[in-house]
K.L.:
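Please find one structure pasted underneath; my questions will follow.
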Amino acid sequence: MPRAKIYGYLAIIVSLAAAFAFLYFGFYDTIIGRPIPSSASYYAIAIPIGVVTLAVLVTGFWIGWTILTIQVVKPMPEIVEKKDYAKAKAFLLCLATLALAALFAYGLYLQSFWALAVPAAVITLVILGMVFWVGIAIITTRNTLPADKNS
Amino acid sequence: MRALFLCYRGNPFCGGQGIYLYHLTRELAALGVEIDVIVGPPYPDPLEGWADVYKTENLNIWSIRTRHFGPDKLQRVLSPWNFVDYFLTRMHVFGEMETFSGRAFFKLRDLLRTRRYDIIHDVQCLGWGLVPMRGYGIPIVTTVHHPLTRDREADFTHDKSFWELMTTVLFYPLTMQRFVINRLDRVITSSTEGAEELGRAFGVRRDRISVVYNGMDVEMFRNDGSEREPDTLLFVGNTEDHKKGLIYLFEAMTLLPERITLTIVDEGPPVRTSAFNMIKRFGIEDRVRFTGKVSLDRLVNLYSSKAVLVMSSLYEGFGLPAAEAMACETPVVVTAVGSLPEVVAHNETGLIVPPENPRALADAIMMVLKDKKLQRSMGKKGRMRTVENFAWPVAAQNTLAVYEDVIRAYRRAS
């Protein structure tokens, strides 16, 4: 098997195994009653996850805020009337990110397991999903010319 | 003096940064500066004659779907920096500047084991990696022709949906650039207007900005002796760039006599359709022609044979086509935006009109077209102006003066 395909299969296997391990040990184990760790242990995990989560939420808020406050000189004459309700959607994005940030902060205050688990799951699964997708692309991409049917 | 250039895209045939890198390093080397270059793809193959080139990797996967990467890129995407780039591009972030500056930071660490530099010259990257790079104890200058805020604003004027607006916000790394530019030792920009713009966009203090006019190859761009075709206009530039204000030029065409034609040096349909759609709407298809991509010789020939170069821009960082046309003794009609009023001398080498005003554009074009004597006089003065102000040797001398000033100030402070 060509080396490229091996990398592809490895990417798929590693990402699937890591996703399974993450979901099993991170969620299933906890659901069946494993105790929440001590306060220091909790915040050791909470701080890095919190930084990344808040960075994502702040980025979302910033996107919404930028769209809400765009002051474009004047729409180009060739642009037809914008009908996408972009400002309303931007407002909703700001609202949603603020609400999620507040919920997340409240969860941290309560030392909730889920306040860490949900964002960690989203971040981890997005990255593993990308590795998985690269693996799929590698093994399904033709890297040699098709065989000549006449020969 | 030994200078290290950082350029995330280095090929002179792929854009302004590559052209700037190629000519400026060559002229600086001629002035005795030893040049090293850390550069990303597409690479500047011909630099080796006067500079040591260190290439960094980049997959250039922006706007390419994963399944279309091809086997080579797919294998390489799983390495750490490439995966960061992959992650960012999938999130609609243009990550090339971030990853290039990171790679350059580590590359420089390796180079400093055997080399010493007096100055680092970043070419329009302003990536995060420049901030820790200051820890190497070498002054860093950057060249920024215009802040990306202008490009983003131009994109906003065309974005129709929330999704388009959101991806535009994500695409431009303005937060990074604002943070980094204010931590470098000097910013070089190509016009006084550009300096003001940098202040407005990124809050850069005026005393930390040096204006060095862009250079151009005045030997290559000189009149080739072709006969001038009467009643012909020329536009050179990216027709997909909304900052070019092409709609105003097309509207001006409708106000001009039918015999006047326009040649556009860029791809037309089916490759690029925005301009052609506007042309159809104005009903001037018979009077406008696209050349597609042309060789430098052909470009010089077009500059030399068309009667007037027109730029209807809403903003210009420098306005290179105006300078190139002037070098070929062609009068220009341009809008009073960005640095164009500094490049073009009003009533001397061309005419400057207000932007977004098709009537003023048409009147100015007619004034030049109907007066052959004025055309010749403007052409001669244009050539003289470009040779004195915009030749690469002049740009290199002025850049070297900035280097010396920055190094002096840096050593005094440390």
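Lettering of chains follows the sequences in order, A, B, ..., and the numbering in each one begins at 1.
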K.L.:
Where along residues 124-133 of chain A does a heavy atom come under 4.5 Å of chain B, listed by residue number?
P.N.:
A/Val126, A/Ile127, A/Met130, A/Val131, A/Trp133
K.L.:
Counting only heavy atoms not in B/Trp62 (residues, nucleotides, ligands), do more than 12 fall under 6.0 Å from its CH2?
P.N.:
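Enclosed.
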K.L.:
Can you find a heavy atom in the side chain of B/Leu170 that is under 4.5 Å from one in the side chain of A/Thr59?
P.N.:
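Yes, close enough: below the 4.5 Å cut-off.
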K.L.:
What part of B/Phe69 is in contact with chain A, defined as an atom under 4.5 angstrom from a non-hydrogen atom: side chain, backbone, both or neither?
P.N.:
neither
K.L.:
What is the distance from atom CG of B/Leu78 to atom CD1 of A/Ile138, rounded to the nearest 0.5 Å?
P.N.:
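Going from the CG atom of B/Leu78 to the CD1 atom of A/Ile138 covers 5.0 Å.
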K.L.:
Side chain from CB out, backbone as N, CA, C, O: work out which of these in A/Ala11 comes under 4.5 Å of a heavy atom of chain B, or both, or neither.
P.N.:
side chain
K.L.:
With rounding to the nearest 0.5 Å, note down the distance linking CZ in B/Phe162 to CG in A/Leu92.
P.N.:
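That separation rounds to 8.5 Å.
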K.L.:
Could you tell me the separation between the CG atom of A/Leu68 and the CG atom of B/Leu165, rounded to the nearest 0.5 Å?
P.N.:
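Reported value, rounded in 0.5 Å steps: 10.5 Å.
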K.L.:
Quick check on B/Arg65: does its CZ atom have over 12 non-hydrogen neighbours (other residues, nucleotides or ligands) under 6.0 Å away?
P.N.:
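Incorrect, the count does not exceed 12.
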K.L.:
Out of A/Ile136, A/Ile67, A/Leu93, A/Thr66, return the one with the most heavy atom pairs under 4.5 angstrom to chain B.
P.N.:
A/Ile67
K.L.:
Side chain, backbone, both or neither: which part of B/Thr175 has a non-hydrogen atom closer than 4.5 Å to chain A?
P.N.:
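Side chain of B/Thr175 only, per the 4.5 Å heavy-atom cut-off to chain A.
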K.L.:
Should we count CZ of A/Phe91 as having more than 12 external heavy atoms under 6.0 Å?
P.N.:
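Check fails, neighbour count at 12 or below.
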